[in-house]
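Accompanying notes for the structure given below.
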Amino acid sequence: MPRDRFDPALSGGTKRSRCPPPRPPSFMTTIDPTAFSTALLAWYDVHHRTLPWRVSPRERAAGLRADPYRVWLSEIMLQQTTVAAVKAYFEKFTLRWPRVEDLAAAPDTAVLAEWAGLGYYARARNLHACARMVAGEYSGRFPETAAALKALPGIGDYTSAAIAAIAFDEPAAVVDGNVERVTSRLEAIEAPLPGAKPLIRAVVEQLTPTERPGDFAQAMMDLGATICTPTKPACVLCPVRPFCTASRAGEAERYPVKQKKKAVPERRGAAFVAVRGDGAVFLRRRPGTGMLGGMSEPPTTSWSARSDGALGAAAAPFPAEWRRVGEIEHGFTHFRLVLEVWRADGEQRPGIEGWWSQPQEIAGEALPTVMRKVLKAAKIVAPAPRNSQSTETRKTAR
DNA sequence: AATTCGTGGCC
DNA sequence: TGGCCAAGAAT
């Protein structure tokens, strides 16, 4: 049974408008922090995952330090993104830009092109801004405390704590989705996320050891990724099962309790793929902020909430012999997009800002996945996302 | 505090 | 197949 101090009624309820300042309640865990981290770290020493940006516990004990640049880069990429998806991108980035100064010196178009396909493109913009701040104002060395790290673009609560703990041995409370799940099961927290975050953080702060805080953080995340999984957790194999209230009650899978989310609406629009005689495709750059900010696209209309028809060739960015060649669907986080795909062939004078991209250049363009779907529907031969240098030097043409 | 930001994999 | 989920941040 969950202890009553985790009753959702206590954390969610109506707020008093008068005197009592809304101070986070001081929850005390009944878990023995020393016993807990000892058991967890012993498991981690044997079962830790081997990842390209990591230093193993053995190497760590031998005095080897993780490279803050690689830790930072991996943490940015891993925000809301799976390890499997990140690996290839991490290799590409570190091969092309081995040090933070190298990344800082790169053109922003090159960074966006390398990031294309990974999603959440504000991360790439912030990544580049952060690299330039570190290279410029910090002499190429990352600040070493969570508080200072958090002041940098793209680095928030989680990432600042993770870098500080992993690269600089600060006993910061590292709370990501894995840790939220593990902790909510340990304490059988009934309050739904995201409201329960302060409570979870309070527990993690008490559990985090001053010795090996980085390994502790990574161990919690590895545990969440391999044992304490969202569905069918392998409690039998869990090194901290003796500490787990939810598992003891046989209902680990019931946690974490989450607030239910709203249904996603649908938006519609049209994309216009102009193809020249030599096979070049007309592309332009999207505005620097907002959805797919700074990324490339064939011209599209705005995406309205279910425009009832009224799209078609009349919405084209410039006159041409447009033919409707298909339709694509793409799911974003908060809406589903349906895009009509129109194509025009032959010599054309777009008369708008943009450039012609040759067939062999398309793979290296900063095209997000949804736009690659559009090109595919327009029967454009586009090899798998690759990385070319061509986007760095290309001038804007018309 | 609630929204706005992508994408791919999985059952 | 469709909802859920993944090392969240910014506003």
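So you know, we letter chains A, B, ... as the sequences are listed, proteins then strands, and number each from 1.
For H334(A) and F332(A), the ring centers sit 6.0 Å or farther from each other. Taking the centre of each ring, F90(A) and F93(A) stay at or above the 6.0 Å mark.
One C1' atom belongs to dA10(C), the other to dA1(B), and the distance between them is 13 Å to the nearest Å. Atom name P, nucleotides dT11(C) and dG6(B): the rounded distance is 14 Å, in whole Å. On the C1' atoms, dA6(C) is 15 Å away from dC5(B), given to the nearest whole Å. Annotation: dC11(B) and dA7(C) have their P atoms spaced 16 Å apart (nearest Å).
Applying the salt bridge (Lys or Arg N to Asp or Glu O under 4.0 Å) definition to pairs two or more places apart or across chains, those involving residues 192-209 of chain A are E180(A)-K197(A). Evaluation of the side-chain hydrogen bond (donor to acceptor under 3.5 Å, both in side chains) test over residues 232-243 of chain A, restricted to residues two or more places apart or in two chains, returns R241(A)-S247(A).
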> With the sugar-phosphate defined as primed atoms, P, OP1 and OP2, and the base as all remaining atoms, what B/S/- string results for nucleotides 3-11 of chain B, 5' to 3', for protein heavy atoms under 4.0 Å?
Replying inline: SSBBBS---

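Counting non-hydrogen atoms under 4.0 angstrom, W72(A) reaches nothing in the nucleic acid. When heavy atoms are screened at a 4.0 angstrom cut-off, P153(A) is found touching the sugar-phosphate backbone but no base atom. Residue R54(A) is classed as a base contact, given a heavy-atom separation below 4.0 Å to a base. Using a 4.0 Å heavy-atom criterion, one finds that T159(A) contacts the sugar-phosphate atoms exclusively.
Regarding Y89(A), its OH atom lies at a distance of 18 Å from the P atom of dA7(C), rounded to whole Å. The separation between L149(A) atom CG and dA9(C) atom P is 12 Å, rounded to whole Å. I76(A) places its CD1 atom 9 Å from the C1' atom of dA9(C), with the value rounded to the nearest Å. Counting to the nearest Å, the P atom of dA7(C) and the CE atom of M221(A) are 9 Å from each other. The interatomic distance linking L152(A) (CG) with dG8(C) (P) rounds to 19 Å, in whole Å. Look at CG on N178(A): it is 7 Å from P on dA6(C), rounded to the nearest Å. The CG atom of L193(A) sits 15 Å away from the P atom of dA1(B) (whole-angstrom rounding).
For the pair E75(A) and K150(A), nearest-nucleotide mapping onto DNA chain C gives the more 5' position to E75(A). Of the residues near DNA chain C, N126(A) and K258(A), the one whose nearest nucleotide (by heavy atom distance) lies more toward the 5' end is K258(A).
Ring geometry for F142(A) versus W72(A): interplanar angle of 30 to 60°, hence tilted.
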Could you pull out all donor-acceptor pairs under 3.5 Å where a side-chain atom in residues 154-167 of chain A meets a protein atom, sequence neighbours excluded?
{"from": "D157(A)", "atom 1": "OD1", "to": "K150(A)", "atom 2": "NZ", "distance (Å)": "2.5"}
{"from": "Y158(A)", "atom 1": "OH", "to": "E75(A)", "atom 2": "OE1", "distance (Å)": "2.6"}
{"from": "T159(A)", "atom 1": "OG1", "to": "Q79(A)", "atom 2": "NE2", "distance (Å)": "3.0"}
{"from": "S160(A)", "atom 1": "OG", "to": "G156(A)", "atom 2": "O", "distance (Å)": "2.7"}
{"from": "S160(A)", "atom 1": "OG", "to": "D157(A)", "atom 2": "O", "distance (Å)": "3.1"}

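Between the side chains of T81(A) and R123(A), a donor-acceptor pair is found at a separation under 3.5 Å. A side-chain donor from one of E365(A) and S357(A) sits under 3.5 Å from a side-chain acceptor of the other.
A heavy atom lying under 4.0 Å from DNA chain C marks the following residues of residues 38-52 of chain A, by number: R49(A), L51(A).
T38(A) pairs by the side-chain hydrogen bond (donor to acceptor under 3.5 Å, both in side chains) definition with nothing, not counting sequence neighbours.
Judged by the 6.0 Å and 45° rule, K92(A) forms a cation-pi pair with Y89(A).
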